[in-house]
Amino acid sequence: MRLLIMGAPGAGKGTQATALAERYGVPAISTGDIFRYHIKNQTPLGVKVKAIIDAGEYVPDDVTEEIVASRLAEPDCEPGFLLDGFPRTMHQVHFLDRYLAERGQQLDAVVSLHVEPEALVERLLARAAKEGRADDNSDTIRRRMEVYAGQTAPLLFHYENKGLLVDVEGTGSVDEVRERMFQLVDAHTA
């Protein structure tokens, strides 16, 4: 099973990605987690990425694509994967399409979590307070949402046209959203 999970920052992708990956027995690959690892360990990539994220921008395509390709080449991804936070631009979509085609693979579904914008701001501010995330302040959150709307939301149309999109209402308890998501993905991939 090869899956993507998409949604605006704070939509619950990380939480739901873990559950979805466990259900299908594939690794959940979060570009955000990979970037945070590098930032925490102050690697050269981490220093570069921190400055970009602190400005509320996305990491450049070539950097992100290199990291994702390296991770997808690991043995645990042979039976499939769930990507969280990638792709975010059409450049990344085409990169992933080429990468999979070269290996005789394709995506099975693209899960899109929808949550109202103001609810997302509230969620992210609460998460910032709880987890001490410096990249989640009000101005940065709103900038990330603008970037998401301008660059990432159009990808949903691409995946919808390919018949891969699974729309999931992301409002409700974690368990409610998870069960709704499982039902929709199971029906789509049956």
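Positions are given from 1 along the sequence. Computed from heavy atoms alone, side chains included, the values below leave out hydrogens, waters and symmetry copies.
Met6 and Leu184 fall into different hydrophobic clusters, where Ile, Leu, Val, Met, Phe, Trp and Tyr residues are linked whenever their side-chain heavy atoms come under 4.5 Å apart, directly or through other members. A chain of hydrophobic side-chain contacts below 4.5 Å, direct or via other Ile, Leu, Val, Met, Phe, Trp or Tyr residues, connects Tyr99 to Tyr159. In the hydrophobic cluster analysis, where Ile, Leu, Val, Met, Phe, Trp and Tyr join through side-chain heavy atoms closer than 4.5 angstrom, Phe86 is grouped together with Phe81. Hydrophobic cluster membership differs between Leu82 and Leu72, with clusters built from Ile, Leu, Val, Met, Phe, Trp and Tyr side chains linked at under 4.5 angstrom.
Taking 4.0 Å as the cut-off between side-chain N and carboxylate O, Asp76 and Arg71 count as a salt-bridged pair. Of the charged side-chain nitrogens involved, none lies within less than 4.0 Å of a carboxylate oxygen, so that Glu65 and Arg88 do not count as a salt-bridged pair.
With 3.5 Å as the limit, one finds a donor-acceptor pair spanning the side chains of Thr89 and Asp61.
Rounding to the nearest 0.5 Å places CZ of Arg180 at 9.5 Å from CD of Gln16. Distance check: Glu176 CD to Glu169 CD gives 10.5 Å after rounding to the nearest 0.5 Å.
Glu131 is linked by a side-chain hydrogen bond (donor to acceptor under 3.5 Å, both in side chains) to Arg133, counting only residues two or more places apart in sequence or in another chain. The side chain to side chain contact (heavy atoms under 4.5 Å, CB included) check on Asp62 picks up Pro60, with sequence neighbours excluded. Contacts of Ala8 classified as side chain to side chain contact (heavy atoms under 4.5 Å, CB included), with partners at least two apart in sequence or in another chain: Leu120, Tyr148.
Looking only at side-chain heavy atoms (C-beta outward), Leu96 and Leu4 come within less than 4.5 Å of each other.
Judged by distance alone, the side chain of Lys13 and the main-chain N or O of Gly7 form a donor-acceptor pair under 3.5 Å.
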